[in-house]
Amino acid sequence: MFPIINHTDAAAQDWDMVIAGSSFAAMFFLRGLPEGLRVLVVEKGPLLLDAPIRASRDRGLEEFAQDNRSDHRKLWVAHSVFGGNSNCWWGQTPRFHPSDFELFERYGQAAPWPLDYGTLEPYYSEVEALMGIAGGDSDHLLPRSSPFPFPAHQVSRSDAACIAAQPEYWVPCPTARSNGADRGQCCANAICDRCPVDAKYTILNGFSAFDRPDVWLLPETELWDVQFAGRQTRAVTIRDTSGALVEIPTRAVGLGANGIFNAAILLRSGLEHAALGRFLHEQGSDTHEIDIAHEGYFGGTTITAHCYGAYDGPHRREAGAVLMETLNAPASIRLEPGRWTDRMHIKFIAEDIPQAENRIELARDGSAQVIWHGHHDYVAAGLAHAAEILPRLLPFEIEGWARGPRSLTEAHIQGTHRMGTDPNSAVTDAQSRVHGYDGLYALGAGNFPTSSPANPTLTLAALSLMAGRSLAS
Ligand SMILES: Cc1cc2nc3c(=O)[nH]c(=O)nc-3n(C[C@H](O)[C@H](O)[C@H](O)COP(=O)(O)OP(=O)(O)OC[C@H]3O[C@@H](n4cnc5c(N)ncnc54)[C@H](O)[C@@H]3O)c2cc1C
């Protein structure tokens, strides 16, 4: 673990880089930085090493002030603790589809990305190797330069039949729930947020990839704002648990505090940009229990397959791409004798169109406040499109279909400092550098100009690694 430093000693030094946060965005950025830099990691939450974090009741769950103007309950989930949400994520690791980086160019929706799939591909491969991802047989959808580090988990029996019937759409799910990595083997218990066998990749169990000389940790300390000399980063202000503020000199800053807190830090720092804090978004989802004339659940891992049949296509002019996940556990059992497992439990995850009115504002005390007007109609249209075509994607007779409610959250905080080549419409560039400022990086899914239906973490980690590497060039 990094050596711990106190506020007084940290303030007495001139740092090359101060990083806010210690989760995916922060640590993969650190991993990419050139050697020889003196780095201070400022982490708002505690470092919990003695008490296993999965057993700890208080993992620093944040309560966000939210003015929800939609007709749907909405939650945003973040934990302030060393390793952030890496401690509780579920380890779903699909790459974005190549079309996700071209939604604007192909379908006239949302805003353009400043990079394409091919540019990010080597970083995807590197992050997958570091996380020990298990996966396979998806190269035709998501081209790769190197094989998956570990083979895919065994899929359920209904997945296997779907893959055999339509391999162009159905693939085993790539995941950071171990299938051979040097962690426990996934046991498909469906309590992944507190994985009892440490099968899931976390920043703590993968820490050796980030450990390096000349990095110090300041835990239980909030990075409050960034100070500039003209447009050059010169210091950060940190705040301890008592609220005391201390200035720490630094030449550069990497904000890896997630989209909500990154935006709050930049707003408190006095940055003015029409897109800053805006375009907060995430996917919308619902779940389906489909009774089929075929056996379903079987060992493997918690979520076993992905279906891309409702993902890319001309429908994206009006309706969001949908990624379908088949849930293997917890089992949803049919009640007829002898038919218990003849069911598929499928989650539809639809991409959203980021909207400017969904935003972060600062409350009077400087804390982040979410203003939420709801998802774009694109989400509902995407979910409806997926439900319409699902029967064509299943090689079984459908005997029953129960649709669950729309989810309250995907726990994906995206938007708020979107990237792009045009400094007038985008806050950051392709390397996560804030346009117009020297030495200021805003990392993570806050950079996403479009949502993709795919889970964000692999992509945000790859973008952060690329951003760190850019300092060497
Ligand atoms: C239950 C759950 C399941 C999930 N499952 C998946 C999944 O299967 N696949 C997937 O792709 N994604 C999943 N996610 C989302 C995933 O966890 C996030 O995308 C990811 O953690 C974001 O990484 P991050 O580094 O940007 O931010 P975070 O993980 O949110 O970490 C932010 C870090 O910054 C620190 N911090 C905050 N404010 C400050 C400040 N002012 N100063 C200093 N430090 C600060 C925090 O303490 C924390 O360490 C899941 C999330 C949850 C909650």
Side-chain angles (χ1 to χ4, degrees), residues 18-30 40-48 59-62 64 75-96 127 131 133 173-177 191-195 200-204 217-226 236-240 253-266 268-269 282-283 301-303 323 325 347 349 366-368 407 409-414 416-417 432 442-448 452-464:
V18 170
I19 297 178
S22 58
S23 186
F24 298 102
M27 290 296 106
F28 282 92
F29 178 65
L30 173 66
L40 178 67
V41 174
V42 178
E43 168 50 54
K44 184 177 177 186
L47 173 65
L48 299 180
R59 296 187 293 178
L61 179 65
E62 292 279 351
F64 293 105
L75 298 177
W76 304 93
V77 189
H79 294 82
S80 289
V81 62
F82 188 91
N85 274 2
S86 82
N87 298 296
C88 66
W89 77 319
W90 279 50
Q92 291 293 100
T93 54
R95 296 178 172 196
F96 278 16
V127 172
M131 290 187 182
I133 300 300
C173 163
T175 178
R177 297 182 299 273
I191 50 169
C192 304
D193 65 329
R194 288 172 193 267
C195 177
K200 175 186 74 177
Y201 174 86
T202 68
I203 294 300
L204 276 173
L217 174 66
L218 203 48
E220 297 184 66
T221 304
E222 204 173 348
L223 196 151
W224 189 247
D225 65 22
V226 186
V236 295
T237 311
I238 55 161
R239 200 169 83 139
D240 67 16
V253 174
L255 302 178
N258 85 41
I260 293 178
F261 293 126
N262 279 358
I265 292 168
L266 292 172
R268 286 195 294 263
S269 307
E282 68 163 346
Q283 303 78 2
T301 183
T302 301
I303 298 164
L323 179 61
E325 287 178 341
K347 182 176 181 186
I349 309 168
S367 62
S407 61
T409 183
E410 290 302 299
H412 301 159
I413 301 169
Q414 304 182 179
T416 77
H417 49 82
S432 307
L443 309 160
N447 282 305
F448 293 180
S452 170
N455 315 57
T457 305
L458 190 80
T459 298
L460 76 85
L463 286 171
S464 302

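Counting starts at 1 for both ligands and their atoms, in listed order. Quantities reported herein were computed from a predicted structural model and do not represent experimental measurements.
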Derivation and outcome, side chain to side chain donor-acceptor pair (under 3.5 Å), residues D225 and T237: CA-CA 5 Å; D225 65 22; T237 311; 2.5 Å; yes
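The residues K44 and D240 are annotated as not salt-bridged, no charged nitrogen and carboxylate oxygen being separated by less than 4.0 angstrom.
Listed here is the closest heavy atom pair of N262 and L255: ND2-O, 3.1 Å.
The salt bridge (Lys or Arg N to Asp or Glu O under 4.0 Å) check on E43 picks up nothing, with sequence neighbours excluded. Checked against side-chain hydrogen bond (donor to acceptor under 3.5 Å, both in side chains), S80 has the following partners two or more places apart in sequence or in another chain: E62.
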Run the side-chain donor-acceptor check on residues 453-462: report pairs under 3.5 Å with partners two or more places apart or on a different chain.
residue, atom, partner, partner atom, Å
T459, OG1, Y124, OH, 2.7

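Protein neighbours of ligand 1 below 4.0 Å, counting non-hydrogen atoms: G21, S22, S23, F24, A25, V42, E43, K44, V77, H79, S80, V81, G84, N85, C88, W89, W90, G91, Q92, T221, E222, L223, G256, A257, N258, F261, I265, A411, H412, N455, P456, T457, L460.
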